[in-house]
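A note on names: the letters A, B, ... follow the listed sequences, proteins ahead of strands, and every chain is numbered from 1.
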Amino acid sequence: GQQLNQSPQSMFIQEGEDVSMNCTSSSIFNTWLWYKQDPGEGPVLLIALYKAGELTSNGRLTAQFGITRKDSFLNISASIPSDVGIYFCAGPSTTSGTYKYIFGTGTRLKVLA
Amino acid sequence: EAGVVQSPRYKIIEKKQPVAFWCNPISGHNTLYWYLQNLGQGPELLIRYENEEAVDDSQLPKDRFSAERLKGVDSTLKIQPAELGDSAVYLCASSLGIGSYNEQFFGPGTRLTVL
């Protein structure tokens, strides 16, 4: 079935540094979604991408929909301690015959003050 | 506006015992989802409701899991009997409808520990 692979799995960075993470798939996605999950909470949508090549920003976050439609990237600029959390990519599955989201395995971000 | 409410937030039970989780979606949201999230993994869909109808339950282990959304609002997810491998976070989400343009809003989840 469709799977989303995220890298890196985890990362430690210094406050103020920029962060990059990506999400890849073996199959084409028509939509890419990026979520953040804080400890003890549910995921919260950060950015949604609907078109190949699309570049969308939300504050210090920027995400891109890969041209091949098989990948997406999320960048965080000038990281701050509250950026700590797990970042998931997700996209709608089309293989099961019904509509559902597939989530990646997550990138765990830790920011060192 | 209140978000998705779930209870309990934490539950510890012994194996073979039954357990139930409750979810109250955002007012007006017709679509409700139950997800399973294992440690270190992303959420996986268990069941999706459109109003009171379960339209996708293909991932729900029907031998021990059941769900209902009787009046198309609140929903309960039940496990009977629970097994050790059921220890996980159970997330509820809701949206106005389906499709990528309808954002799914997640509740805080119920963390289940089966001993």
Side-chain angles (χ1 to χ4, degrees), chain A residues 1-10 21 23-25 28-52 54 56 58 63 65 69 72 85-108, chain B residues 2-10 21 23-26 29-50 53-60 88-113:
Chain A
Q2 288 179 301
Q3 287 185 321
L4 295 177
N5 299 306
Q6 290 188 244
S7 66
Q9 284 188 325
S10 63
M21 60 189 78
C23 182
T24 60
S25 170
I28 289 173
F29 277 75
N30 294 318
T31 300
W32 287 94
L33 306 168
W34 284 94
Y35 286 84
K36 182 191 178 203
Q37 186 172 25
D38 291 327
E41 300 296 330
V44 174
L45 183 65
L46 299 173
I47 293 179
L49 302 162
Y50 301 106
K51 186 177 178 182
E54 179 181 354
T56 297
N58 178 6
F65 193 141
R69 295 163 62 192
S72 179
I86 305 176
Y87 292 80
F88 291 102
C89 60
S93 168
T94 57
T95 59
S96 64
T98 62
Y99 184 91
K100 68 175 183 179
Y101 284 174
I102 302 295
F103 282 79
T105 51
T107 291
R108 186 181 299 270
Chain B
V4 176
V5 179
Q6 291 188 246
S7 70
R9 292 293 309 273
Y10 304 91
F21 314 125
C23 173
N24 179 241
I26 292 173
H29 282 194
N30 297 323
T31 307
L32 184 145
Y33 315 76
W34 282 102
Y35 286 88
L36 165 70
Q37 186 173 25
N38 287 307
L39 187 65
Q41 300 293 320
E44 300 173 41
L45 182 69
L46 289 172
I47 189 168
R48 173 168 64 91
Y49 281 91
E50 295 294 334
E53 182 182 0
V55 295
D56 183 359
D57 62 355
S58 57
Q59 303 300 312
L60 192 71
V89 175
Y90 292 83
L91 293 164
C92 179
S94 69
S95 63
L96 284 171
I98 67 167
S100 302
Y101 293 97
N102 287 294
E103 180 179 351
Q104 292 186 26
F105 294 85
F106 285 83
T110 297
R111 181 176 296 276
L112 173 67
T113 301

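In terms of heavy-atom pairs under 4.5 angstrom with chain B, the leader among Gly42(A), Pro43(A), Gly106(A) is Pro43(A). Your options are Glu41(A), Gln9(A), Gln6(A), and the one with the most heavy-atom pairs under 4.5 Å with chain B is Glu41(A). Chosen from Gly107(B), Gly109(B), Gly40(B), the residue pairing most often with chain A at heavy-atom distances under 4.5 Å is Gly107(B).
Lys100(A) NZ to Ile98(B) CD1: the interatomic distance, rounded to the nearest 0.5 Å, is 14.0 Å.
Contact of Gln104(B) with chain A is made through backbone and side chain together, with heavy-atom distances under 4.5 Å. Only the side chain of Arg9(B) has a heavy atom closer than 4.5 Å to any heavy atom of chain A. Within the 4.5 angstrom heavy-atom criterion, only side-chain atoms of Gln37(A), from C-beta onward, approach chain B. Contact annotation for Glu44(B): neither backbone nor side-chain heavy atoms come within less than 4.5 Å of a heavy atom of chain A. With a threshold of 4.5 angstrom between heavy atoms, Tyr101(B) approaches chain A through its backbone and through its side chain.
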Next item on the list: Decide yes or no on ring-ring contact (aromatic ring centres under 6.0 Å, His included) for Tyr33(B) and Tyr101(A), but give the supporting numbers first.
Entry: CA-CA 11 Å; Tyr33(B) 315 76; Tyr101(A) 284 174; 7.3 Å; no
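Within 6.0 Å of CD in Glu103(B) there are more than 12 heavy atoms belonging to other residues, nucleotides or ligands.
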